[in-house]
Amino acid sequence: MAKGRELRGRIKSVENTKKITKTMEMVATSKMKRAQDRVAAARPFANALSEVIADLYTAELAEQYPLLRQPAAPKKVAVLLLTTNRGLCGAFNANILKETRALLKRLEGQGLEVEMHVAGRKGIGYFKYLGRPLATQRTDLGDKPTAADAASLVDDLMARFISGQLDGVYVVYAKFNSVLSTPPTTERVLPVTPPARKGPARDYLLSPGPEAILGELLPLAVRNAVYRQLVETVAGEQGARRTAMKAATDNATDLLGNLRRTYNRARQAQITQEIAEIVGGASALAG
Amino acid sequence: MAMLRLAVVSPEKTLYEGEASQVVVPAFDGEVGILPGHAPLMTLLGKGTLRIGGATAPAITVDGGFLQVVDNVVRVVTERATIG
């Protein structure tokens, strides 16, 4: 029964793999739930901020802020790419990298010098493979990014934008629409695009003046945008991993069914043959 | 009497949400007291403790950020706030 033993080995191995993928699916589900909660919890801050900026923003004020500066002839831009540290999440990173390649092609097609900042091992590995130099690389952002992480990513870029060394900053990340829809997305965070005002302007008492308040709020808005992109990417990663692991578990179940059937058939055939041999042998003696 | 609706939000979560009869916030140039019916106001915050009147609320310390008052809704928006 050499074939039977071989089949038993395979069944055992697929069972073990299934246990692993099943566990990963459950872990990803619970992490995704928590990441989703963080995405939702980040909303009030972002809403309050964009509402207030929309209320204060006027075209005349725009001239005064370096963060709103629209460079006339941009030369150098930075791309911040958010990927994951770990794999086994289907085409999640591949999609983000594809989006990044398209963006790079577009920016370089405009004759811009592009500098890359990458967070996440998967993105770093990809650009290392392409042999493209990276300005900074980060692998320390875990499953629970904080506002401080976002600040550490973008503060330096913001300072260089203000000083005029950079003429734009783009972020490529996975937008979290829903568990099943996390499309790779490019957003320009600098210069800041002022949010559109909803409803009529209110007559606020302002202290200090609008210039000072806006000057204080714009960096908050940039940091918050990056924070939101970070948490959305984490939520998307966990969602993608859950989907990938669910597919793997389902495949393992199918495969196990087939293997068990083959194994049982082989076993039964062997028993039948043995009986036939015994009966044959007995009738030969009796005869 | 009308009450104020107070929300203290940080980038990561909403730290506090509730009603208050009066709120005293540490603005950048000194404390500002808000009572119901206050005119729309926006101000930058300094460092200090937020005092919430009319509710058993925890002490909240803020450092920077801004305050917005509109239609009896008070929003404290800050990157650095601690509760306790």
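Within every chain, numbering begins at 1; the chains are lettered A, B, ... in the order of the sequence lines, protein sequences first and strands thereafter. Every value quoted in this text rests on a predicted model; they were computed, and no experiment measured them.
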Study note, to complete from the structure: The interface call for Pro208(A) against chain B, heavy-atom contacts under 4.5 Å, is both

Review point. Given a strict heavy-atom distance threshold of 4.5 Å, which part of Glu12(B) is in contact with chain A: side chain, backbone, both, or neither?
Key: both

Study note, to complete from the structure: Honestly, the part of Val32(B) sitting under 4.5 Å from a heavy atom of chain A is neither

Check your understanding: About how many Å separate NZ of Lys175(A) and OG of Ser181(A), when rounded to the nearest 0.5 Å?
Key -> 9.5 Å

**Study point:** Between Leu220(A), Val231(A), Ile213(A), the one whose heavy-atom pairs under 4.5 Å with chain B are most numerous
**Key:** Ile213(A)

Review point. Which of residues 23-46 of chain A have a heavy atom under 4.5 Å from any heavy atom of chain B?
Key: Ala41(A), Ala42(A), Pro44(A), Phe45(A)

Review point. Under 3.5 Å, is there a donor-acceptor pair linking the side chains of Thr61(B) and Thr82(B)?
Key: yes

Check your understanding: Have Thr84(A) and Arg121(A) got a donor and an acceptor in their side chains that come within less than 3.5 Å?
Key -> no

Exercise for review: Before giving the answer on side chain to side chain donor-acceptor pair (under 3.5 Å), spell out for Tyr65(A) and Glu211(A) the whole-Å C-alpha distance, their side-chain angles and the decisive distance to 0.1 Å.
Suggested key: CA-CA 9 Å; Tyr65(A) 294 102; Glu211(A) 302 84 13; 5.8 Å; no

Point to revise | Among Glu187(A), Glu99(A), Gln229(A), side-chain hydrogen bond (donor to acceptor under 3.5 Å, both in side chains) partner for Tyr173(A) | key: Glu187(A)

Exercise for review: Using the test side chain to side chain donor-acceptor pair (under 3.5 Å), find all partners of Asn47(A) that sit at least two apart in sequence or belong to another chain.
Suggested key: none

Practice item. Given side-chain contact (heavy atoms from CB on, under 4.5 Å), test Val9(B) with Leu15(B) step by step and report yes or no. Key: CA-CA 6 Å; Val9(B) 292; Leu15(B) 290 165; over 6 Å; no

Check your understanding: With no hydrogens and no angle check, is any side-chain donor or acceptor of Ser21(B) less than 3.5 Å from a backbone partner on Gly53(B)?
Key -> yes

Review point. Any idea which of Pro11(B), Ala7(B), Ser10(B) has the most non-hydrogen atom pairs under 4.5 angstrom with chain A?
Key: Pro11(B)

